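A short write-up of the structure that comes next.
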Amino acid sequence: MSYYCLSCKEENDIKIKGVFMVLCAAVCWALSGIAAQLFFQHFAAAPGILVSIRLLSAGVIMILLQSLIQGTKNAFSVWSHKKDRLTLLVFGLIGMLGVQYTFFAAIHHGNAATATLLQYLGPIFIIVYVSLQFRRMPGSRELIAFLLALTGIFFMTTSGSVDSLTITLEAFIWGILSAIAAAFYTLFPAKLLKAWGPVSVVGWSMVIGGVGLSLFHPPWFFDWSQGSLLLFALLAFIVIVGTITPFYLFLDSLRFVTPAQASILGSAEPLTAVLVTTVFLHTPMDPVQLLGSLCIIVSVLVLALRSARKDTSGADKTASG
């Protein structure tokens with residue numbers, strides 16, 4: 001009996017560790033958006049400049065870390081297959097660059113909370129894509145999530161009145177484009193990730209996206225004369241705390257929790273973004289907009305819980321087989 005209890009305690013401790021890691025990753029990602037909002041408020045810079053700095057810095061650091069931990073050969077192995085090289089280039093220039101640029105552009109024209117919430121509509125666009133691809137109607141849970149998301153968008157962007165938008169049209173468009181990019185980012189690299197692992201794929205795609213964007217928004221064209229402790233602190237925070245740290249925490253957490261559980265816990269990101277933006281940055285959000293935000297978060301949870309149920313069903317089948 002004591003051995004059984006000890007085993008249960010160890011399993012619970014391991015699961016709690018995984019939960020804590022996912023929550024920390026979600027909070028770090030949310031705070032990255034907040035830091036970007038502060039950056040745009042205090043310094044004159046286009047979104048492309050900040051994104052190119054973030055992608056190049058984070059990508060190079062991640063590849064260097066992988067080289068130190070797993071060896072240079074392993075870090076560069078993704079380039080050994082011609083077909084995968086092309087897929088990686090497409091993912092870097094469209095997937096990684098697309099999701100990063102649209103997200104930061106949405107922050108630039110609006111705020112971190114709105115941008116994060118709109119980007120979290122990505123799974124809704126995945127539902128639409130899959131339904132069109134297989135020519136079938138979504139299931140009941142998917143329809144509920146879809147209706148919740150539409151309701152959330154309406155409340156959040158209009159505050160319940162059809163006469164005017166409570167956010168700029170640019171922020172709304174970039175936010176929706178960010179959700180579409182997030183859907184592509186999720187679906188496109190599945191085979192690539194399975195073959196080469198997320199560290200290598202994400203690290204190199206960041207470098208590719210950063211190099212591609214630098215052709216149009218070179219980091220060295222930024223007015224570095226604005227340089228101050230705040231400038232470099234925000235950049236360091238966005239790259240290290242807001243990009244590299246949560247990426248590794250999230251990946252490592254999958255040793256202790258399932259991907260579906262991690263997806264559910266990841267909903268802490270938009271919740272954190274809303275709380276920090278409204279409470280600490282004093283960005284106005286009336287009760288109707290907060291209700292809209294809640295609708296979007298619940299829609300994500302509905303889809304995540306559906307995935308969790310599938311995972312449990314699969315695990316039960318495996319155990320019984």
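Nothing fancy with the numbering, it's 1 onward along the sequence. As the structure is a computational prediction, the values presented were derived from the model and not from experiment.
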query: Residues two or more places apart in sequence or in another chain: which of them pass side chain to side chain donor-acceptor pair (under 3.5 Å) with Thr102?
result: none

query: When clusters are formed from ILVMFWY side-chain contacts under 4.5 Å, directly or step by step, what else is grouped with Val300?
result: Tyr120

query: Which of parallel (below 30°), tilted (30 to 60°) and perpendicular (above 60°) describes His108 and Phe40?
result: perpendicular

Candidates Thr116, Leu301, Leu150, Leu121 - the one meeting side-chain contact (heavy atoms from CB on, under 4.5 Å) with Ile296: Leu121

Using residues 286-294 as the side-chain source, report each donor-acceptor pair under 3.5 Å to any protein atom, sequence neighbours left out, with the distance given to one decimal.
{"unit_1": "Asp286", "atom_1": "OD1", "unit_2": "Ser159", "atom_2": "OG", "d": "3.1"}
{"unit_1": "Asp286", "atom_1": "OD1", "unit_2": "Val288", "atom_2": "N", "d": "3.0"}
{"unit_1": "Asp286", "atom_1": "OD1", "unit_2": "Gln289", "atom_2": "N", "d": "2.8"}
{"unit_1": "Asp286", "atom_1": "OD2", "unit_2": "Ser159", "atom_2": "OG", "d": "2.2"}
{"unit_1": "Gln289", "atom_1": "OE1", "unit_2": "Asp286", "atom_2": "N", "d": "3.0"}
{"unit_1": "Gln289", "atom_1": "NE2", "unit_2": "Met156", "atom_2": "O", "d": "3.2"}
{"unit_1": "Gln289", "atom_1": "NE2", "unit_2": "Thr166", "atom_2": "OG1", "d": "3.0"}
{"unit_1": "Ser293", "atom_1": "OG", "unit_2": "Gln289", "atom_2": "O", "d": "3.0"}

- line: Rounding to 0.5 Å, atoms CD1 (Ile94) and CG (Leu89) come to a distance of 10.5 Å

- prompt: Can you list the other members of the hydrophobic cluster that holds Ile69, where links are side-chain heavy atoms under 4.5 angstrom apart?
  reply: none

Test log, rule side-chain hydrogen bond (donor to acceptor under 3.5 Å, both in side chains), inputs Asp84 and Thr87: CA-CA 5 Å; Asp84 288 341; Thr87 305; 4.7 Å; no

task: Answer yes or no: does atom CZ of Phe146 have more than 12 heavy-atom neighbours from other residues, nucleotides or ligands under 6.0 Å?
output: no

statement: For Ala25, the side chain to side chain contact (heavy atoms under 4.5 Å, CB included) test, sequence neighbours excluded, returns Trp29, Pro246, Leu249, Phe250

message: Once side chain to side chain contact (heavy atoms under 4.5 Å, CB included) is applied, do any residues pair with Ala145, and if so which ones, sequence neighbours excluded?
response: Ile124, Ser299, Val302, Leu303

- prompt: Does Thr277 reach the main-chain N or O of Thr283 with its side chain, forming a donor-acceptor pair under 3.5 Å?
  reply: no

Side chains of residues 51-63: which donor-acceptor partners sit under 3.5 Å, not counting sequence neighbours?
{"unit_1": "Ser52", "atom_1": "OG", "unit_2": "Gly48", "atom_2": "O", "d": "3.1"}
{"unit_1": "Ser52", "atom_1": "OG", "unit_2": "Ile49", "atom_2": "O", "d": "2.8"}
{"unit_1": "Ser52", "atom_1": "OG", "unit_2": "His217", "atom_2": "O", "d": "3.2"}
{"unit_1": "Arg54", "atom_1": "NE", "unit_2": "Thr243", "atom_2": "OG1", "d": "2.7"}
{"unit_1": "Arg54", "atom_1": "NH1", "unit_2": "Gln100", "atom_2": "OE1", "d": "2.5"}
{"unit_1": "Arg54", "atom_1": "NH2", "unit_2": "Ser32", "atom_2": "OG", "d": "3.3"}
{"unit_1": "Arg54", "atom_1": "NH2", "unit_2": "Gly242", "atom_2": "O", "d": "3.1"}
{"unit_1": "Arg54", "atom_1": "NH2", "unit_2": "Thr243", "atom_2": "OG1", "d": "3.1"}
{"unit_1": "Ser57", "atom_1": "OG", "unit_2": "Ile53", "atom_2": "O", "d": "2.8"}

query: Rounded to the nearest 0.5 Å, how far apart are CG of Leu148 and CD1 of Ile153?
result: 11.5 Å

- request: Hydrophobic side-chain clustering at under 4.5 Å (ILVMFWY, transitive links): who's grouped with Phe221? Put none if nobody.
  value: Trp220

query: Looking at CZ of Arg85 and CG of Leu192, how far apart are the two atoms once the value is rounded to the nearest 0.5 Å?
result: 12.5 Å

task: Taking side chain to side chain contact (heavy atoms under 4.5 Å, CB included) as the test, write out the residues that go with Thr186, two or more places apart.
output: Ile126

- request: Taking side chain to side chain contact (heavy atoms under 4.5 Å, CB included) as the test, write out the residues that go with Leu234, two or more places apart.
  value: Ala35, Leu38, Phe39, Phe43, Leu230

- prompt: With a 4.5 Å limit on heavy-atom distance, are the side chains of Tyr101 and Leu177 in contact?
  reply: no

Close side-chain approach of Ile297 to Leu117, heavy-atom, < 4.5 Å: yes

Contacts table for residues 76-83: side-chain donor-acceptor under 3.5 angstrom, sequence neighbours left out:
{"unit_1": "Ser77", "atom_1": "OG", "unit_2": "Asn74", "atom_2": "O", "d": "2.8"}
{"unit_1": "Ser80", "atom_1": "OG", "unit_2": "Ser77", "atom_2": "O", "d": "2.5"}

field: Full working for ring pair (Phe, Tyr, Trp, His ring centres under 6.0 Å) between Phe91 and Tyr185
entry: CA-CA 7 Å; Phe91 178 58; Tyr185 178 92; 5.3 Å; yes

query: For Phe216, what are the other residues in its hydrophobic cluster, where any two members join if their side-chain heavy atoms are less than 4.5 angstrom apart?
result: Leu215

